[in-house]
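See below for the structure under consideration.
Keep in mind the model is a prediction, meaning the values are calculated, not measured.
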There are 2 protein chains.
Amino acid sequence: MPRPKHSGPQPDMREMILDAAWKQIAETGASGLSLRAIARAMKITAPAIYNYFPDRDALVTAMVIAAYKSFGESQLAARDAVSSEDLWGRMWATGMAYRAWALRYPERYHLIFGAPIPGDVPLSELIQPSGAHSMLALVSIVEAFRVAGKLRTVDFPRVTPEFETAYQQWRCLVGDADILSITVALLVWARVHGLVSLEIARNIPPFGPNGDELYQYELQAIAREFFKE
Amino acid sequence: MPRPKHSGPQPDMREMILDAAWKQIAETGASGLSLRAIARAMKITAPAIYNYFPDRDALVTAMVIAAYKSFGESQLAARDAVSSEDLWGRMWATGMAYRAWALRYPERYHLIFGAPIPGDVPLSELIQPSGAHSMLALVSIVEAFRVAGKLRTVDFPRVTPEFETAYQQWRCLVGDADILSITVALLVWARVHGLVSLEIARNIPPFGPNGDELYQYELQAIAREFFKE
DNA sequence: CATTGTAAATATACAGCGTTTATTTAATTT
DNA sequence: AAATTAAATAAACGCTGTATATTTACAATG
């Protein structure tokens with residue numbers, strides 16, 4: 001019979017490697033992630049890592065998925081900390097949590113929302129579900145606005161028929177919201193992402209310490225455009 | 001006496017190296033830029049490059065500055081193709097050119113607006129002027145709106161006094177616009193950047209072919225929020 | 001014209017990287 | 001105790017950026 005994984009309490013080597021990788025990425029930036037440096041920090045040899053990840057890209061993919069999970073959970077927690085009747089309160093809290101998470105983990109933010117994956121298309125199919133799912137909190141709040149009749153209705157461009165199936169696929173990951181809600185959520189997402197990513201990349205120069213207020217201003221502008229009452 | 005640079009017509013080696021670098025970045029993506037591969041393509045040896053760039057980072061920095069220049073010129077060209085009396089026409093053209101440039105050179109867009117520079121702060125001081133200057137077209141149009149009294153006025157968060165000098169520095173790079181115009185330009189920039197960067201990173205799933213329309217919708221929404229008439 | 005001075009290319013080498021292969025270690029099951 | 005086998009290691013390959021030493025070739029000078 002084959003030797004079962006381990007004897008005593010499994011040290012969950014995969015998690016330990018990921019932890020070391022996060023630590024390293026926080027110090028050296030997202031680009032300078034080295035398997036050998038991870039191994040060195042863990043006092044093992046580099047090829048040992050290959051018992052847990054087939055290659056470096058797989059490790060990065062796992063990090064991306066974990067980052068999406070952390071981000072998505074932070075979004076949901078922010079939403080659920082506010083009564084489900086206070087729709088705008090939920091939206092505000094989620095929006096504030098968005099930036100807070102990004103500023104707390106800038107390299108994770110950059111990892112998931114910044115560059116496309118090096119391996120490009122095939123890897124992103126593993127990642128896309130996590131990414132879409134992480135938007136569940138935002139989409140659900142917009143959908144709640146719509147159901148309550150408080151979504152400011154405008155005529156958005158419609159999804160072209162040939163992409164209807166792709167849309168349905170994304171839709172089920174994000175909680176069966178109406179396409180109108182998904183579109184609004186996307187536009188909201190783009191706006192907070194735009195400000196936050198500029199801020200993280202240090203492209204917002206004179207507003208550095210005032211980033212808080214500018215961001216809050218933008219959240220209110222979003223409210224004015226999309227949400228009644 | 002020392003030997004003057006070269007004899008005949010200088011082949012502008014720096015430019016040739018940069019060209020080869022752009023070619024490579026377009027094929028392998030921004031992360032896989034290799035001096036040796038550039039040298040191989042140019043049929044020279046790798047250390048020869050060090051006669052023109054002190055190290056790899058310097059080459060990347062030069063590419064970033066060149067990309068900002070290309071981007072900024074494309075912005076100015078779009079603006080100037082429309083009569084200076086047609087303010088909204090200029091804004092629309094500039095906005096459309098923004099996305100067009102990004103979709104045409106996604107790796108350049110990612111290079112300048114995506115990740116912070118690895119070398120971090122010291123390098124970015126070389127780059128910041130180029131970056132700020134590339135926003136001149138947008139800022140100038142917003143400023144023209146303001147001068148014409150067509151800027152929808154709202155009370156933005158003010159710049160804190162201790163960052164007044166940093167702001168003045170940025171301001172002169174961008175054409176002596178009023179702080180109100182700079183703030184509006186920043187918010188406009190964040191919105192187009194948000195949408196465009198999500199699109200480039202393939203994070204906008206069901207709207208792929210409809211990216212045009214969604215982007216145009218957003219430009220009009222920006223107009224509704226900020227520009228009268 | 002021959003000599004010299006110097007810019008720019010090369011050759012060589014080093015350390016670090018991801019990854020593969022072969023080998024050893026150690027634990028579990030028979 | 002013997003057999004089995006997962007997981008660690010050791011060594012090596014080709015790649016990378018970069019430093020050093022050397023060669024090449026051309027322009028200015030005596």
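- Taking atom CG of residue A:D12 and atom P of nucleotide D:dA7, one finds them 12 Å apart after rounding to whole Å.
- Among the atoms of the strands shown, base atoms are found under 4.0 Å from some heavy atom of B:R36.
- Atom-to-atom distance recorded for A:Y50:OH and A:T45:OG1 is 11.5 Å, nearest 0.5 angstrom.
- For A:M13, counting side-chain heavy atoms from C-beta on, the closest listed nucleotide (D:dA8, C:dT10, C:dT19) is D:dA8.
- Considering only side-chain atoms of A:Y52, the nucleotide from D:dA7, C:dA9, C:dG18 that sits closest is D:dA7.
- Here the nucleotide nearest the side chain of A:P47, chosen from D:dA11, D:dG17, C:dG18, is D:dA11.
- The side chain of B:A46 approaches D:dT18 more closely than any other nucleotide in the set C:dT10, D:dA8, D:dT18.
- Taking the side-chain contact (heavy atoms from CB on, under 4.5 Å) definition, one finds that A:Y105 meets it with A:W101, A:E107, A:R108, sequence neighbours left out.
- Nearest nucleotide to the side chain of B:A48, out of C:dG18, D:dA7, C:dT10: C:dT10.
- Using a 4.0 Å heavy-atom distance criterion, B:L33 is classed as a sugar-phosphate-only contact.
- A distance of 9.0 Å separates CG in B:D176 from CD in B:E143, rounded to the nearest 0.5 Å.
- A:R90 and A:R79 get closest at one heavy-atom pair: NE-O, 3.2 Å.
- Near DNA chain C, defined here as any heavy-atom distance below 4.0 Å, the residues from residues 37-45 of chain A are A:R40, listed numerically.
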